[in-house]
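Since the structure comes first, as C-alpha cells, the remarks are kept for the end.
Just so it is clear: chains get the letters A, B, ... in the order the sequence lines come, proteins before strands, and each one is counted from 1. Just so you know, these numbers come straight off a predicted model, no measurement behind them.
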Number of protein chains: 4
Amino acid sequence: MSPHSSTADIDTESVTGERSQRRRRKDARPSELTAAALELFVEKGFAGTRLDDIAARAGVSKGTLYLYFDSKEALFTAVIEEGIVPALAAAEQQFAGYQGRTSDLLRVLLLGWWQQIGSTRMGGVVKLIISESHNFPEVTQYYHDHVIVRGRSLLRRALQRGLESGEFRQMDVDSAIDVIIAPLLMLVIWRYSFCICGHDIEPEKYLETHFDLLIQGLLDKGRVQ
Amino acid sequence: MSPHSSTADIDTESVTGERSQRRRRKDARPSELTAAALELFVEKGFAGTRLDDIAARAGVSKGTLYLYFDSKEALFTAVIEEGIVPALAAAEQQFAGYQGRTSDLLRVLLLGWWQQIGSTRMGGVVKLIISESHNFPEVTQYYHDHVIVRGRSLLRRALQRGLESGEFRQMDVDSAIDVIIAPLLMLVIWRYSFCICGHDIEPEKYLETHFDLLIQGLLDKGRVQ
Amino acid sequence: MSPHSSTADIDTESVTGERSQRRRRKDARPSELTAAALELFVEKGFAGTRLDDIAARAGVSKGTLYLYFDSKEALFTAVIEEGIVPALAAAEQQFAGYQGRTSDLLRVLLLGWWQQIGSTRMGGVVKLIISESHNFPEVTQYYHDHVIVRGRSLLRRALQRGLESGEFRQMDVDSAIDVIIAPLLMLVIWRYSFCICGHDIEPEKYLETHFDLLIQGLLDKGRVQ
Amino acid sequence: MSPHSSTADIDTESVTGERSQRRRRKDARPSELTAAALELFVEKGFAGTRLDDIAARAGVSKGTLYLYFDSKEALFTAVIEEGIVPALAAAEQQFAGYQGRTSDLLRVLLLGWWQQIGSTRMGGVVKLIISESHNFPEVTQYYHDHVIVRGRSLLRRALQRGLESGEFRQMDVDSAIDVIIAPLLMLVIWRYSFCICGHDIEPEKYLETHFDLLIQGLLDKGRVQ
DNA sequence: CATGAATGAGGTTTCATTCAT
DNA sequence: GATGAATGAAACCTCATTCAT
C-alpha cells in the first residue's frame, strides 16, 4: 500500500515523526514525484499527461510511480492534497490577531495570498482544479470545502470587520467576496494559460491596482477617514 | 454528348426542392457536432473526451464525425473558431456610438458581455481555452489575438473616455483592464467548474456588485458629480 | 549525497550477469518480429497484414511491436533493410578473386544466389518489394540503389570478363544482364505466388536449365573451346 | 444481381447478344470501372486500394460501384477475368497454322506476347496475380489453370516442334518453358515496379537479346543450319 | 527498492457497405 | 440508374498497469 492510496488520510503523516532512517527516503521521494506530476498536469491536463512523462521529469522509471501511488488517479489526488495542506495553514494565519485598519488587513491578505500561494507551486493547483473539476468531483468537492469555503470565510470576516468599524460602506458581502477573489484566481490562470502568448502580467502592479480600486470602492466616502 | 441523352437529365436534378431534407441535414450537421463537442470538451477536457461520446451526444455514429472533421484536433479547432467569430462581432458593437456617461457605458459592456457571451455557449470556450492552452498553443494564440486583444482594446477605449471626460481618476489603465475583466471570466469558470459543489453564484447580483465596487473605485471623488 | 547512501548501491546494479535473460530477449526481439512480419507481408501484402497477426505469429502482444517499431510502416522498412544488408554482403563476396573460366564463374553466381539469397528468407523481400513498390517509393529506391544496381554491376563485370577473355560472343550487355537475372527473380516469385496451385518448380533443375541455355547462348561458337 | 457477382460465370455474356438498348449501357459501364480498378489494384494492391479512389478515377460515385459489383472482391475478380479472356484468345491464335522455322515461330510468340499482352493493360494483371495470390487463392488457381497452363502448353508444343524437326538440341522441356517465360513476366513486373526508380528497360532491345540468347542456346550446333 | 519489458483494454481513425433520396 | 451521407466493424496505435528480474 502506498502512503497516498486514499483521499481521506491527510494530515496523518505529519504527526508520525518517528521511524526516521528507513522511512525518510520513502517519504521524501513522493514529493519529487508529485512535483513533477503537478507541473505536467497543469500543463497538459490529467488525461493528456502520460505517466512516462511524469517519471521522466522526476528522473525515475515508470514502475517506480507505482511504488508510491496505486494509480494515476491516486497520484492526481496526492498532487492536490499536497498543494492544499500548506495553503490552508498559510491562509488562516494571516488573519489571526491582526491589528490596524481593515483596509490594510485586506491589502495584507491579497498580497500575502500571492506571495505564499498564488506565485508558488500551489498556484498550479488552482488551474488544475478548474480544469479537471468534472473529471474528479470528489477532489473538487474536497478542494471546495477545505480551501474555498475557508478562504471565503476568512474574507467574510475581514469585510465584516470593516463594516462593523464603519470603514466600509454597505454591500452584498457574499458577492463581494467572489468579486474580490476573482482577480486573484485569474492572475494564476493568466500566468499558466496565456503566458505562451507573450502577453504577461506584472503581478505586483496588477494586484496594486486591484487593491486600489477595491479599497476606493469599499470605503464609505461619507465618513471622515 | 449524345443527342439522346436528354432523357437522363429530366427528373434527376431539375426538381431542386427534392433533396432539401438531406441537404438541410448536411448543412446543419457541423454545428450540431461542434455543439456536442463543446459541451464535452468543456466538461471533460480535450484528451478526456471520447469521440464515441461526442457522436452519441450528437446522435450520429462515430464515423460521421470524420465526414466533417479530419481529426479530433480539427474538431477542437472548429469548436473554438465557431465560438470566437460571433464573440468578435458581439463585443465590438456594444461600444460603437454610445452616448452618455462612461460609467453607464461600462455597465452596459459588463452586463452585455454576460448576456451575449458569458452566459451563452461561448462561455464554455473561455474555460476550454484556459484548460487546453498548452496543448493547443496556436489556437490559444489565435484566441488571444482575436478575442482578448480586441476585448482589452475595447475596454481601454472606454476607460480613456472616462479619463478624458474627467469622470474617472488616474489609474494604471493596463492593469485596470485585467482587473476589470477578471471577475467576468471567473464567473464563467465558476459556473463551469464549481457548479457541482452546490455553491452557485447568482450572476446578476455578482455582476451588480462588481460594477458597483468598480464604479466607486474608478470615480474621481474630488469632482462634484 | 548522504554518506549513508552506500547501502542502496550494493546489490542492485553491480552484478552484471543478472539481467542477462531479459536482455537476451530484448536484443533478439526485433529480428523475431521482423521475421514474423516478413512472412506475413509476403503472404498477404503490407496493407493486407494485420499487426495482430504479426504479433500472434511472433508470440507477443500487439503493444510489444510498438516497443521496437514506431509504426507499421517503420516495421516494413525494418523488414526490408534487414533483408538487404546481408544480401549486399553475400552478393559481393561471390565474385571477388574468382579464378577459372567465366562460364564457371557465372554458374557459381547463379547457383550461389539461389542458395544464399533466393531460397532464404531474403527471397521473400524480392516479392515484397515488387508488390509494394508504389506504396513505398523510398524503400523501393533504396532497394534499387543498394541491391539491384550492385547486383547488376557484379553481373556486368562477369560478362565483360567473358568478353575480354574471348569466351563470350558480342551482345548488348545491359539487356543481357536483365535477361539473365529475370529467371532468378521469377523463381522466387514463382515459389511465393503459384506454390498454392500445385505447380511447383524444382529449383535445381530449373537453374541448371537456365544456366545451360545461357551458356550455350553466350559462348562464341566460332572459337575452339 | 450484378453481372459479375460470381467467379464462375465467364464467357456467358458474350453469347447473349440481344437486349441491346437497355443492356448496352449497363454492360459498357463496368469496363470503365474495372479499368480504373485495375490501375489502382496494380499500383497499390488490393487491400491498399480504396473504393473511393476507384470511383473517383472512373468518374462515378462510390455507390455506383455497387450497382455493378456485389463487393470489392467481386470487382477484383471481374478485373482479372476481364484481363484473362482476351489473353487466352490472343495467345492461342498465334500458334495455329504457323509455317516456317520453329526459331522464327518462337520469335513471333515472344514478341507477339509483348505486343498483345505484356505491353497492354493485361500486363498489369500479371503483377496483380503475383501480388495477391495468397489473398485470392481461387482467382490464382483460375488464372493458373486458364492462362499459365495453356500458355505453357503452347510453348511446349513449340519446343517439341523444334525438337522433332531437329532444330533444337535436347533439353528438359518443362524447365525450359519456365526459363523462357520468366524474362517475359519479369519485363512487365519491371515496368510496373521499378519504373519509379528511373531505371527503365527498353522492351524491344530486351526481348531481342532474350530471343537471341535463347535461340543460340537452343539450337543444335552439331547440325548444319 | 527500482527497473523497464510486456501487456491488452480502449482510444482514434479508416473504409467497405448500405440506403434514403 | 445514380448519388453520397451515414454506418459500424475492424484496423492502427496509445498508455496505464503489471511483474519478472
Side-chain angles (χ1 to χ4, degrees), chain A residues 22 25-26 29 47-55 60-73 75, chain B residues 7-8 11-13 15 17-23 25-26 29 47-55 59-73 75, chain C residues 7-13 15 17-23 25-26 29 47-55 59-73 75, chain D residues 22 25-26 29 47-55 60-73 75:
Chain A
R22 167 88 48 103
R25 197 177 152 77
K26 192 164 192 276
R29 187 56 66 98
T49 299
R50 289 175 304 178
L51 289 185
D52 297 79
D53 291 342
I54 296 174
V60 301
S61 76
K62 192 165 43 170
T64 299
L65 291 175
Y66 282 85
L67 293 176
Y68 296 99
F69 305 96
D70 288 346
S71 67
K72 193 185 184 187
E73 275 206 29
L75 175 56
Chain B
T7 43
D11 53 6
T12 55
E13 302 281 356
V15 185
E18 167 181 41
R19 56 172 66 170
S20 62
Q21 175 71 11
R22 186 103 158 240
R23 176 49 77 96
R25 214 57 199 288
K26 178 161 168 41
R29 267 288 140 75
T49 299
R50 293 175 306 187
L51 291 182
D52 299 79
D53 292 342
I54 296 175
V60 300
S61 77
K62 197 166 34 173
T64 299
L65 292 174
Y66 284 87
L67 290 177
Y68 298 95
F69 304 98
D70 287 343
S71 66
K72 192 185 184 185
E73 206 164 319
L75 176 55
Chain C
T7 42
D9 298 326
I10 284 182
D11 52 5
T12 55
E13 303 279 358
V15 185
E18 168 180 43
R19 56 172 67 168
S20 60
Q21 174 72 9
R22 187 104 158 237
R23 175 51 74 100
R25 212 60 197 287
K26 179 163 168 39
R29 268 289 142 75
T49 300
R50 291 175 309 187
L51 290 183
D52 298 80
D53 293 342
I54 297 175
V60 301
S61 77
K62 195 168 35 171
T64 299
L65 292 174
Y66 285 87
L67 290 178
Y68 298 96
F69 304 98
D70 287 342
S71 65
K72 192 185 184 185
E73 207 165 317
L75 176 56
Chain D
R22 168 88 50 103
R25 196 176 153 77
K26 192 166 191 281
R29 186 57 62 98
T49 299
R50 289 175 303 176
L51 290 184
D52 297 80
D53 292 342
I54 296 174
V60 300
S61 77
K62 192 166 43 170
T64 299
L65 292 174
Y66 282 85
L67 292 176
Y68 296 99
F69 305 97
D70 287 347
S71 67
K72 193 184 183 187
E73 274 206 30
L75 175 56

Worksheet item: Is there a residue in residues 65-73 of chain B whose heavy atoms reach under 4.0 Å of DNA chain E, and which residues are they?
Response: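 By residue number: B:Tyr66, B:Ser71, B:Lys72.
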Worksheet item: So which of residues 48-55 of chain D are in contact with DNA chain E, with a heavy-atom cut-off of under 4.0 Å?
Response: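 Residues of residues 48-55 of chain D that come under 4.0 Å of DNA chain E are, in numerical order, D:Thr49, D:Arg50, D:Leu51.
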Can you measure from [atom1] ([X]) to [atom2] ([Y]) and round to the nearest 0.5 angstrom?
X	Y	atom1	atom2	value
B:Ile54	B:Phe69	CD1	CZ	9.5 Å
B:Lys72	B:Leu65	NZ	CG	11.0 Å
D:Asp52	D:Ser61	CG	OG	10.0 Å
A:Leu75	A:Glu73	CG	CD	10.5 Å

Fill in: DNA chain E: stems of at least 3 consecutive Watson-Crick or G-U pairs whose donor-acceptor distances fall under 3.5 Å
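Detected stem regions: E:2-21 with F:2-21.
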Discussion item. Whether B:Thr64 contacts F:dT7 is assessed here as follows: a side-chain N or O lying under 4.0 Å from the phosphate OP1 or OP2. Is that the case?
Written reply: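 Answer is yes, contact under 4.0 Å.
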Practice prompt. Take atom NZ of C:Lys62 and atom C1' of E:dA5, then tell me their distance rounded to the nearest Å.
Written response: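 From C:Lys62 NZ to E:dA5 C1': 18 Å.
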Worksheet item: Which atoms form the tightest heavy-atom contact between A:Gly48 and B:Ala47, and what is the distance?
Response: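 Reported closest heavy-atom pair: N-CB, 3.7 Å.
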Fill in: Heavy-atom side-chain proximity of C:Arg29 to C:Val60 below 4.5 angstrom
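With C-beta onward as the side chain, the pair touches.
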